[in-house]
Amino acid sequence: MAFYELLAAFALQLAVILVAAQIFGYLARFIGQPKVVGEMVAGVVLGPSLFGLFWPDIQQQIFIPHSMPLLYFGAQLGVGLYMFLVGLEFNTQLFRAQAKNAIAVSLAGMLVPFTVAAVLCLWLLDIPGLFATGISYGNAALFLGAAIAITAFPMLARIIYERGLSGTALGTLALAAGAIDDAAAWTVLAVVLASFGGGAILAVKAVLGGICYATLMFLYVTRWLQPLADKVERTGVLSPLQFVFVLMLFAASAYAMEWVGLHAVFGGFILGIAMPRGELVEQIRKRLEKITIYLLLPMFFTYSGLKTQLTILGSWDVMSVALIILVASVFAKFIACWAAARLTGTDNPTAMAVGALMNARGLMELIIINIALKYGVIEPALFSIMVLMAIVTTFMATPLFELVYGRFQPKPVVDHQPESIELREVKGQAGS
């Protein structure tokens, strides 16, 4: 296929993806759900599960195999930049307010899902087509535990800030516990990727490389970037050359993590945390958020959807596995976080709300399972099951939160905390 034909095919794909994302995003907001839920559904709809099932010829003409590398590049760039933005919003001060409660909730939200995953894997490893052939029980249990324990931290932040709960016990506890949970889940995934199929040398290289990279970023790079942050703070302007320098840092960070054997998203996320806070971060957000959220992320959802075969769930054997994983995941996360919050003295409505918020997986789940599929840890059947779990748990977060906490929620107050990615997006849509 000629290059111009490839670009034309990709342009058509992009147009279809953007239209679908906007339509399903609007429908999601119409029923009171975050826009990201609609975009996740749009990705699945465009794949073989629905569009490809009813109009296979048209679907294959639009999403031709030769153009998949371009779509993959856009998807990976989008998720990498998104994790960079999430890192920019990571607030370490949250841990100081309710450190004891947050650590307790986070530990429970990790230990119980990992225990449930360890039990499930005793059964799941005997079912063909779920995990990679020859995967060890330990790696399977660690991956499934991380996938069950992950929390949709950006969506959690959006709900907290949007409802004026950022200064409350609930807001502080949920945000701090969610941040700890996700950091731990990413660490576990890094261990799985490092040890899966690469041998001891590659595993050591990945783990030590990741530790050295994080140490370099937090101890030195933050300090090295402070003069740039001070200059932007004084002038209120991030020049094009300075912005390009930040993008070069992002690209170098992503490459460094890929080189040591981890995934590029780790590099973007850690760089985001290491960036000095202030006007510099705000200027970077303004430049990157819209193109990342409106253009690049829908490509990631679609790329995930093209690999999701919900028709596989038509088999009762696979459907039963999906239902068991879904129910086990919901109860493991919700009950563990609720119980831990109650045991540390939190009132019951707040503890229930924490469990509801921590139960959503969202985009973070899709990132984890896409990485696992890329590295051959899981097979397409388990990938499809986990996509379903991500959508259902994300979909149920808002109504469950309203059910357990809505009538106890205080009136929203003016909040001077930094807004989350999704909240700024919602406000922008409301004003347009």
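Because only heavy atoms are used, hydrogens play no part in the values below, and waters and symmetry mates are left out as well, while side chains stay in. Keep in mind it's a predicted model, so treat the numbers as computed, not measured.
In this structure, the separation between CG on L373 and CD1 on I368 is 13.5 Å, given to the nearest 0.5 Å. The distance from atom CZ of F395 to atom CE of M40, rounded to the nearest 0.5 Å, is 11.5 Å. Separation of atoms CD1 (I385) and CG (L130) is listed at 5.5 Å; rounding is to 0.5 Å. For the atom pair CG of L249 and CG of L225, the computed distance is 6.0 Å after rounding to the nearest 0.5 Å. In this structure, CZ on F24 lies 13.5 Å from CZ on F301, to the nearest 0.5 angstrom. For the atom pair L14 CG and L296 CG, the distance stands at 9.0 Å (nearest 0.5 Å).
Legend: residues meeting side chain to side chain donor-acceptor pair (under 3.5 Å) with T344, ordered by chain and number and at least two apart, are absent. Remark: F250 engages F84 in a ring pair (Phe, Tyr, Trp, His ring centres under 6.0 Å) (not counting sequence neighbours). With sequence neighbours excluded, the residues that form a side-chain contact (heavy atoms from CB on, under 4.5 Å) with L125 are F131, I135, Y137, A140. Scored by the side chain to side chain donor-acceptor pair (under 3.5 Å) test, T394 finds no partners at all (sequence neighbours excluded). Partners of Y72 by ring pair (Phe, Tyr, Trp, His ring centres under 6.0 Å), not counting sequence neighbours, listed by chain and number: Y303. With sequence neighbours excluded, no residue satisfies ring pair (Phe, Tyr, Trp, His ring centres under 6.0 Å) with F218. With sequence neighbours left out, T235 forms a side chain to side chain donor-acceptor pair (under 3.5 Å) with no residue at all.
Contact between M386 and L144 at its shortest, heavy atoms only, is CE-CD1, 4.2 Å. Nearest heavy atom pair, residue G305 against residue P48, reads O-CD, 3.5 Å. Closest of all the heavy-atom pairs between F245 and L228 is CD2-CD2, 4.1 Å. Across every non-hydrogen atom of N348 and R342, the tightest pair is N-NH1, 3.2 Å. Of all non-hydrogen atoms in V354 and C337, the two that sit nearest each other are CG1-CB, 4.4 Å. Closest of all the heavy-atom pairs between L46 and F63 is O-CE1, 4.0 Å.
Under the 3.5 Å distance criterion, the side-chain polar atoms of T115 are matched with a main-chain donor or acceptor of L111. A donor-acceptor contact shorter than 3.5 Å links the side chain of T346 to the backbone of A341. Between the side chain of S67 and the backbone N or O of I64, at least one donor-acceptor pair lies under 3.5 Å. The backbone N or O of L27 sits nowhere less than 3.5 Å from a side-chain atom of R29 that would complete a donor-acceptor pair. In this structure a side-chain-to-backbone donor-acceptor pair under 3.5 Å is missing from R287 to Q283. A donor-acceptor pair is defined here as one N or O able to donate and one able to accept, closer than 3.5 Å; no such pair exists between the side chain of E365 and the backbone of V387.
Among residue pairs with one or both ends in residues 367-386, those qualifying as salt bridge (Lys or Arg N to Asp or Glu O under 4.0 Å) are E258-K374; sequence neighbours excluded. For residues 224-243, the pairs satisfying ring-ring contact (aromatic ring centres under 6.0 Å, His included) are Y220-W224, with sequence neighbours left out. Judged as a salt bridge (Lys or Arg N to Asp or Glu O under 4.0 Å), not a single pair has a partner in residues 225-243 (not counting sequence neighbours). Sequence neighbours left out, the pairs with a member in residues 207-218 that pass side chain to side chain donor-acceptor pair (under 3.5 Å) are Y213-S253.
Side-chain atoms of L18 and L295, non-hydrogen and from C-beta on, do get closer than 4.5 Å to each other. Two residues are said to be in side-chain contact when any heavy atoms from C-beta on lie closer than 4.5 Å; Q13 and M68 meet this criterion. Between L81 and L85, the closest side-chain pair of non-hydrogen atoms is not below 4.5 Å. For the pair V37 and T398, the minimum side-chain heavy-atom distance is 4.5 Å or more. With a 4.5 Å cut-off on side-chain heavy atoms, P298 and Q22 do not count as touching.
Side-chain polar atoms of Q309 and S49 form no donor-acceptor pair below 3.5 angstrom. In summary, the side chains of T393 and N359 do not present any donor paired with an acceptor at a separation below 3.5 Å, with no hydrogens or angles considered.
More than 12 heavy-atom neighbours from other residues, nucleotides or ligands sit within 6.0 angstrom of CG on L7.
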### Task
Given side-chain contact (heavy atoms from CB on, under 4.5 Å), test K307 with N370 step by step and report yes or no.
CA-CA 9 Å; K307 295 180 290 183; N370 268 276; 2.8 Å; yes
### Test log, rule side-chain contact (heavy atoms from CB on, under 4.5 Å), inputs V246 and Q242
CA-CA 6 Å; V246 172; Q242 292 167 339; 5.9 Å; no
### Message
With side-chain contact (heavy atoms from CB on, under 4.5 Å) as the criterion, how do F300 and I367 come out once you've worked through the C-alpha distance, each side chain's angles and the decisive distance to 0.1 Å?
### Response
CA-CA 9 Å; F300 174 76; I367 296 174; 4.0 Å; yes
### Task
Before giving the answer on side-chain contact (heavy atoms from CB on, under 4.5 Å), spell out for R361 and I148 the whole-Å C-alpha distance, their side-chain angles and the decisive distance to 0.1 Å.
CA-CA 8 Å; R361 272 75 176 188; I148 293 176; 3.6 Å; yes
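Ionic pairing of K35 and E39 is present here: one or more N-O contacts between side-chain nitrogen and carboxylate oxygen are shorter than 4.0 angstrom.
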Kindly list each side-chain donor-acceptor pair under 3.5 angstrom involving residues 324-336, sequence neighbours excluded, with atom names and distances?
from, atom 1, to, atom 2, distance (Å)
S329, OG, I325, O, 2.6
K333, NZ, G109, O, 3.2
K333, NZ, A149, O, 2.5
K333, NZ, T151, OG1, 3.4
K333, NZ, D181, OD2, 2.2

